[in-house]
**Q** 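Mind looking over this structure? Questions follow.
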Protein chains: 2
Amino acid sequence: MKSSRKITDKKKINDTISSRIKNPDLVKKKHLLIAKKSAKLFIKKGFAQTTMREISRATGMAVGNLYDYISKKEDILSLVFEVYHRHVQETMEIQDNEIDENPMDQFRLFIQGSVKNVKIFHDEIHLMYRESWLLSKENLERAKQIELTQIEGLAKIIQRGIEQGVFKTQDPFFAASMIFFQLIILTMRGWTFQGKYSDKELENFLETYILQGIMA
Amino acid sequence: MKSSRKITDKKKINDTISSRIKNPDLVKKKHLLIAKKSAKLFIKKGFAQTTMREISRATGMAVGNLYDYISKKEDILSLVFEVYHRHVQETMEIQDNEIDENPMDQFRLFIQGSVKNVKIFHDEIHLMYRESWLLSKENLERAKQIELTQIEGLAKIIQRGIEQGVFKTQDPFFAASMIFFQLIILTMRGWTFQGKYSDKELENFLETYILQGIMA
DNA sequence: AAAAAAAGCGAACGGTCGTTCTTTTTTTGA
DNA sequence: TCAAAAAAAGAACGACCGTTCGCTTTTTTT
């Protein structure tokens with residue numbers, strides 16, 4: 001029997017990764033597997049330094065089989081970002097449901113939630129800030145957009161705080177951006193504080209410092 | 001005549017890069033050339049994605065000749081960092097000569113000087129934050145140490161400001177770290193502000209925001 | 001000016017990488 | 001139950017990478 005597998009068989013389903021496999025549930029399952037296992041490797045060794053053979057070993061899938069689910073190595077990096085972004089957006093939606101609180105409480109809640117998220121996704125965030133520039137133009141644009149949405153959400157909280165006189169800052173979006181970056185500092189420069197402060201201390205310092213930056 | 005070039009000929013002069021070439025001035029000159037040209041390539045394509053052949057073309061040196069001045073590709077990354085660090089330390093020494101100012105002025109001077117430096121070395125800083133983790137243990141340790149020294153310098157200024165009642169913060173070193181990170185964030189996430197603010201506006205916002213974080 | 005030393009050169013080597021190809025195994029459905 | 005479709009497998013391919021080696025050219029020394 002002639003093989004039915006030609007490169008031209010690969011489908012481009014909307015804006016997701018192309019795949020030769022027919023069963024969409026299977027594709028979703030394997031994409032998640034590939035993303036999770038690869039993320040660990042990328043974090044440890046970097047994207048460029050991780051080989052397809054290593055990914056094959058980590059996922060338990062043969063190299064040829066991997067290429068039934070992706071079309072190039074870069075697709076795997078996109079998959080990793082996709083999985084992380086999906087999670088972020090899900091937790092964002094939960095936060096959005098609590099809009100009628102007062103700005104101060106909402107702000108603290110946002111900070112605390114973010115700190116928790118940063119802790120959980122420490123490695124993934126580090127990876128994204130290290131290697132997002134390797135993404136294709138479209139995928140990079142999408143990553144930027146998601147970050148922007150998050151910053152704008154925080155800016156809105158600050159804006160309401162200014163209107164009610166509890167916060168004070170020259171520009172809410174600028175302040176939101178700075179706070180956003182301050183939140184991820186632990187991810188990128190953790191070693192600066194290594195051994196100097198306890199986790200609790202660090203969290204406390206961070207929240208106080210951020211607050212002082214926008215308090216009226 | 002038998003070639004006198006054996007790998008074992010290479011000298012390890014103290015803690016610098018090993019080289020087969022005898023003339024130290026020539027080594028220094030070529031190391032600088034290699035570092036400057038490679039930095040540009042690394043910034044554009046990343047260290048792992050830049051080939052020795054590209055570095056050869058950019059420097060005008062044959063590949064074999066490059067290896068007369070280094071012993072492995074990673075040495076070139078170290079060279080790039082070395083050149084940048086030397087510059088940073090030089091500008092730091094100038095700033096240290098002005099210790100008897102009042103803390104507020106000194107602080108502003110520090111911030112303005114840093115902003116200027118960040119602007120000049122935008123690409124190099126970006127590169128270092130992206131790829132420092134590829135360095136060998138010793139070189140990474142040295143990079144960390146230099147950053148730490150800078151932070152401690154800022155912390156000392158803040159400390160004096162607290163003693164004189166102009167600044168107020170829970171922990172000077174923590175505050176200094178946060179400020180330091182805020183200063184370089186523009187390098188990494190410049191696109192967040194792209195088209196939103198002018199350069200002058202950005203500088204002004206940044207200084208004001210940082211100041212508010214530690215003002216009494 | 002000749003010999004020795006130093007510096008420069010680029011083809012060639014061995015290995016590894018991403019990707020493809022063909023075959024084998026498993027699943028599906030009539 | 002068995003043939004057709006789908007999925008999995010891994011050997012093979014070709015390109016390219018970092019590095020080396022032996023040679024040539026240039027500079028220095030006597």
**Q** Rounding to an integer number of Å, can you tell me how far B:Ile70 CD1 sits from D:dG18 C1'?
**A** 10 Å
**Q** Is any side-chain N of the basic residue among B:Asp75 and B:Lys72 closer than 4.0 Å to the acidic one's carboxylate O?
**A**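 The answer is yes: the pair qualifies as a salt bridge.
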**Q** Picking from C:dT19, C:dG8, D:dT20, which would you name as closest to the side chain of B:Tyr67?
**A** D:dT20
**Q** For DNA chain D, what is the dot-bracket line, given that a base pair needs Watson-Crick (N1 to N3, plus N6-O4 or O6-N4) or G-U wobble (N1-O2 and O6-N3) geometry with both distances under 3.5 Å, and | means paired with another strand?
**A** ||||||||||||||||||||||||||||||
**Q** Give the rounded distance in Å between these two atoms: NZ of B:Lys72 and C1' of D:dT20.
**A** 16 Å
**Q** As a test of understanding, state which of B:Lys37, B:Gln49, B:Lys45 forms a side-chain hydrogen bond (donor to acceptor under 3.5 Å, both in side chains) with B:Glu54.
**A**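 For B:Glu54, the side-chain hydrogen bond (donor to acceptor under 3.5 Å, both in side chains) test succeeds with only one of B:Lys37, B:Gln49, B:Lys45, which is B:Lys45.
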**Q** When you measure from the centre of the six-membered ring of B:Phe174, is the NZ or CZ of A:Lys196 closer than 6.0 Å and no more than 45° off the axis?
**A**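 Not satisfied by the 6.0 Å and 45° rule.
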**Q** Locate the shortest heavy-atom distance separating B:Leu77 from B:Glu131; write the atom from each residue and the value.
**A** CD2-O, 4.0 Å
**Q** In plain terms, say whether A:Glu82 and A:Arg142 are close enough for a salt bridge, that is, a side-chain N and a carboxylate O under 4.0 Å apart.
**A** yes
**Q** Rounded to whole angstrom units, what separation is found between the CZ atom of B:Arg20 and the P atom of C:dG8?
**A** 9 Å
**Q** Rounded to whole angstrom units, what separation is found between the CG atom of A:Asp68 and the P atom of D:dA5?
**A** 18 Å
**Q** Is NZ or CZ of B:Arg130 both nearer than 6.0 Å to the six-membered ring centre of B:Phe47 and within 45° of the ring axis?
**A** no
**Q** With a 4.0 Å cut-off, would you call B:Lys119 and B:Glu203 a salt bridge?
**A** yes
**Q** So do A:Tyr209 and B:Asp171 actually touch side chain to side chain, heavy atoms under 4.5 Å?
**A**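 Contact flag for B:Asp171/A:Tyr209 side chains = no.
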**Q** In residues 38-58 of chain B, which residues come under 4.0 Å of DNA chain D by heavy atom?
**A** B:Thr50, B:Thr51, B:Met52, B:Arg53
**Q** OP1 or OP2 of C:dG8 less than 4.0 angstrom from a side-chain nitrogen or oxygen of B:Lys30, does that happen here?
**A**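 Indeed, a polar side-chain atom of B:Lys30 lies that close.
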**Q** Nearest of C:dC9, D:dA8, C:dA6 to any side-chain atom of B:Asn65?
**A**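 The nucleotide sitting nearest to the side chain is C:dC9.
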**Q** If I take atom CG in residue A:Leu66 and atom P in nucleotide C:dC17, what distance separates them, rounded to the nearest angstrom?
**A**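 Checked: the CG to P distance equals 15 Å.
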